[in-house]
Amino acid sequence: LGSGPGGYTAAIRASQLGLKVAVVERAPQLGGTCLVWGCIPTKALLENAHALKVAQEAAEWGVTGVTAPGIDMTRVHARKDKIVTGLTKGIEFLFKKNKIDWIKGSARLLGKGKIEVTAAAGAQVPGAPGAQVLTAKEIIVATGSSPRSVPGITIDKTHIITSDQAIHLKDVPKTMAIMGSGAVG
């Protein structure tokens, strides 16, 4: 359950050892928090910030002709998204190569080797007709992390947002706080 670094590596190895493997993932991309919202996108954005700083200090580096370096956040995010997409497509390729089934939905443990899966769109309620029940001898729970608030602070998505929302910002208001998931590398 889950396609982050813990889930996809376990799935690939289990398949290589000859087991029939399926991974349940509700997100539209494989890779989990690290690849899609946390570690990788954050490092891509930090790399852009470093490039801007070097350009701003060009004279100190002996580089001439740089007058007013700036940043185009649309292009920054396009670069980040290209990096993330390349990695998530790589995991999709490895799933196909290793004959791993990607089941797009949310899972709930039922006990005794049974897992209930509902559609990724969330249209079905667990236990409702149409939910799929899988049976497995072994189940790996690699569900990752998600942002949460602290007591007394409400994430209003305007002034207080999550790290998942922050990773997609193109303009940051001065009156905003960001609540993280602890999954940033």
Side-chain angles (χ1 to χ4, degrees), residues 1-13 15-16 23 25-98 100 102 104 120-121 140 142-185:
L1 309 179
S3 72
Y8 76 76
T9 55
I12 291 167
R13 187 65 183 134
S15 179
Q16 291 169 343
V23 173
E25 175 59 62
R26 70 174 143 220
Q29 295 173 293
L30 296 171
T33 299
C34 183
L35 266 64
V36 181
W37 302 284
C39 310
I40 301 302
T42 302
K43 285 178 176 61
L45 294 174
L46 284 172
E47 195 172 334
N48 277 87
H50 182 254
L52 176 62
K53 183 178 181 204
V54 169
Q56 288 171 335
E57 298 171 353
E60 186 177 324
W61 288 77
V63 177
T64 60
V66 180
T67 54
I71 196 124
D72 177 344
M73 288 305 291
T74 300
R75 290 177 70 183
V76 167
H77 281 282
R79 177 182 171 275
K80 169 194 56 88
D81 294 342
K82 181 179 176 183
I83 291 167
V84 168
T85 298
L87 293 171
T88 59
K89 293 291 183 193
I91 296 170
E92 283 184 44
F93 169 78
L94 290 172
F95 271 32
K96 288 176 187 169
K97 177 183 174 187
N98 289 285
I100 298 168
W102 174 14
K104 298 175 183 178
I140 297 173
T143 54
S145 64
S146 60
R148 62 179 263 191
S149 188
V150 294
I153 298 177
T154 303
I155 298 170
D156 65 8
K157 298 185 179 183
T158 302
H159 296 94
I160 301 172
I161 65 172
T162 69
S163 54
D164 289 356
Q165 293 167 281
I167 206 75
H168 299 293
L169 286 176
K170 294 186 178 160
D171 186 32
V172 182
K174 293 184 184 342
T175 58
M176 180 178 287
I178 300 171
M179 305 302 285
S181 65
V184 180

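All residue numbers refer to positions in the sequence shown, counting from 1.
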- Item | Test side-chain contact (heavy atoms from CB on, under 4.5 Å) applied to Lys97 and Ile12, step by step | CA-CA 9 Å; Lys97 177 183 174 187; Ile12 291 167; over 6 Å; no
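You'll find the side chain of Lys89 reaches within 4.5 Å of the side chain of Glu92, heavy atoms only. You'll find the side chain of Ile83 stays beyond 4.5 Å of the side chain of Lys43, heavy atoms only. Taking the side chain as every heavy atom from C-beta outward, Leu94 and Tyr8 never approach each other to under 4.5 Å. No side-chain heavy atom of Lys80 sits under 4.5 Å from any side-chain heavy atom of Glu47. When side chains are defined from C-beta on, Val54 counts as touching Trp61, because their heavy atoms get closer than 4.5 Å. Considering only heavy atoms from C-beta on, Thr154 stays 4.5 Å or farther from Ile160 through its side chain.
Using modelled atom types, no side-chain atom of Thr33 and backbone atom of Gly144 make a donor-acceptor pair closer than 3.5 Å. Between the side chain of Ser15 and the backbone N or O of Ala11, no donor-acceptor pair lies under 3.5 Å.
Considering CG of Leu87 and SG of Cys39, their distance stands at 11.5 Å, rounded to 0.5 Å. Residue Gln16 holds its CD atom at 8.0 Å from CD1 of Ile100, rounded to the nearest 0.5 Å. Rounding to the nearest 0.5 Å places CE of Met73 at 6.0 Å from CG of Leu45. To the nearest 0.5 Å, atom NZ of residue Lys104 and atom CD of residue Glu25 are 10.5 Å apart. Distance CD1/Ile91 to OG1/Thr9: 9.5 Å, rounded to 0.5 Å. Atoms NZ and CH2, on Lys96 and Trp102 in that order, are 9.0 Å from each other to the nearest 0.5 Å.
For His168 against Asp164, the heavy-atom pair with the smallest separation is CD2-O, 3.2 Å. Heavy-atom minimum distance, Pro41 versus Leu35: CD-O, 3.5 Å. The two atoms that bring Val36 and Val84 nearest to each other are CA-CG1, 4.0 Å, heavy atoms only. Of all heavy-atom pairs spanning Arg79 and Ala44, the tightest one is NH1-O, 3.2 Å. Residue Thr162 comes nearest to Pro147 through the heavy atom pair CB-CB, 3.6 Å, listed as atom of the first residue, atom of the second, then distance. What you find for Gly2 and Val23 is that their closest heavy atoms are O-CG1, 3.6 Å.
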